[in-house]
Amino acid sequence: MQRNRSLTRGPGRAAQSGFSLIEIIIVTVLIGGIVAFAASRILGGGDKAKFKLAQSTVQTMAEKIQSYQMDTGSLPGSLEDLVRQPASASGWLGPYAKEADLKDPWGTPYVYRVPGDNQAFDLVSLGADRKDGGDSVDADIKYE
């Protein structure tokens, strides 16, 4: 009869239970890196979407300016003339735009110049950086 067995665990078995602090730190760093990478891919796509939206809204704003010109016989002095009738505009059938339409997807007012460089007017969104020039999503979006 061998009833004299020890009820405690041997040293080999106790040393293998659980994770070490180094293993937990490594896993935490790896998970953090994956989350950071995924977040940059997801959030970085927001500016691309806004850039595409700005391209279409510049064209839409230009069409509203042209509608104003067809109705009144002249270009608006400012983009606000699309929202509120100016005193000098006869034939005004607006409003042609809402106040919110006067800003690009980044919340920056469109740049509007009469006369334009090579056309009757220039209409420009300054892009994600809200400055002249730039590349990629920071590039200016101009009505052509």
Side-chain angles (χ1 to χ4, degrees), residues 5-144:
R5 284 191 174 158
S6 172
L7 297 175
T8 60
R9 291 184 178 169
R13 192 167 179 137
Q16 300 228 346
S17 64
F19 294 103
S20 71
L21 181 59
I22 295 295
E23 291 171 325
I24 293 172
I25 291 172
I26 289 171
V27 169
T28 304
V29 168
L30 287 173
I31 290 172
I34 292 169
V35 168
F37 175 75
S40 70
R41 301 291 284 172
I42 291 168
L43 297 177
D47 276 339
K48 288 181 185 176
K50 286 182 179 179
F51 184 82
K52 297 255 185 222
L53 178 60
Q55 286 177 319
S56 65
T57 56
V58 163
Q59 296 302 318
T60 301
M61 283 300 295
E63 290 171 8
K64 292 176 182 185
I65 291 168
Q66 292 166 345
S67 291
Y68 176 99
Q69 182 182 23
M70 288 178 12
D71 291 346
T72 64
S74 65
L75 289 168
S78 70
L79 292 179
E80 286 78 21
D81 292 352
L82 299 175
V83 178
R84 288 177 282 291
Q85 181 176 6
S88 61
S90 62
W92 193 85
L93 299 174
Y96 299 89
K98 298 175 185 169
E99 191 74 35
D101 296 338
L102 305 183
K103 293 184 179 180
D104 67 14
W106 295 277
T108 306
Y110 289 105
V111 177
Y112 173 69
R113 290 183 290 264
V114 176
D117 291 335
N118 296 319
Q119 50 197 10
F121 65 92
D122 285 338
L123 184 65
V124 180
S125 168
L126 298 177
D129 66 352
R130 300 177 172 118
K131 299 176 190 170
D132 282 331
D135 296 322
S136 185
V137 296
D138 294 333
D140 294 349
I141 302 159
K142 299 177 183 178
Y143 169 66
E144 305 283 336

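The structure displayed is predicted, hence computed values, not measured ones.
Residues forming a side-chain hydrogen bond (donor to acceptor under 3.5 Å, both in side chains) with Thr60 (at least two apart in sequence, or on another chain): none. Residues satisfying the side chain to side chain contact (heavy atoms under 4.5 Å, CB included) test with Gln59, not counting sequence neighbours, are Tyr143. Contacts of Ser20 classified as side chain to side chain contact (heavy atoms under 4.5 Å, CB included), with partners at least two apart in sequence or in another chain: Ile22, Glu23. Applying the side chain to side chain contact (heavy atoms under 4.5 Å, CB included) rule to Glu144 yields the partners Lys142; only residues at least two apart in sequence or on another chain are considered. Shown here are the side chain to side chain contact (heavy atoms under 4.5 Å, CB included) partners of Leu30, two or more places apart in sequence or in another chain: Ile26. Considering only residues two or more places apart in sequence or on other chains, Thr57 meets the side-chain hydrogen bond (donor to acceptor under 3.5 Å, both in side chains) condition with Tyr110.
Within the structure, salt bridge (charged side-chain N to carboxylate O under 4.0 Å, His left out) pairs that include any residue of residues 58-69 comprise Lys64-Asp101 (at least two apart or interchain). Applying the side-chain hydrogen bond (donor to acceptor under 3.5 Å, both in side chains) test to every pair with at least one member in residues 76-92, sequence neighbours left out, gives these pairs: Ser78-Glu80, Arg84-Glu99. Screening residues 117-127 for salt bridge (charged side-chain N to carboxylate O under 4.0 Å, His left out), with sequence neighbours left out, gives Arg113-Asp122. Residue pairs meeting the salt bridge (charged side-chain N to carboxylate O under 4.0 Å, His left out) criterion with at least one partner in residues 66-79, sequence neighbours excluded, are absent.
Across Ile141 and Ala54, no two heavy atoms sit closer than the pair CD1-CB, 3.4 Å. Closest non-hydrogen pair, Leu123 versus Ala62, comes out as CD2-N, 3.6 Å. Nearest heavy-atom pair, Asp104 versus Gly127, reported as atom, atom and distance to 0.1 Å: OD2-N, 4.4 Å.
If you take OH on Tyr96 and CD on Gln69, they are separated by 11.0 Å, rounding to the nearest 0.5 Å.
Of the possible donor and acceptor atoms, one in the side chain of Thr72 sits under 3.5 Å from a partner among the backbone N and O of Tyr68.
Between Pro76 and Tyr112 the shortest side-chain heavy-atom distance falls below 4.5 Å.
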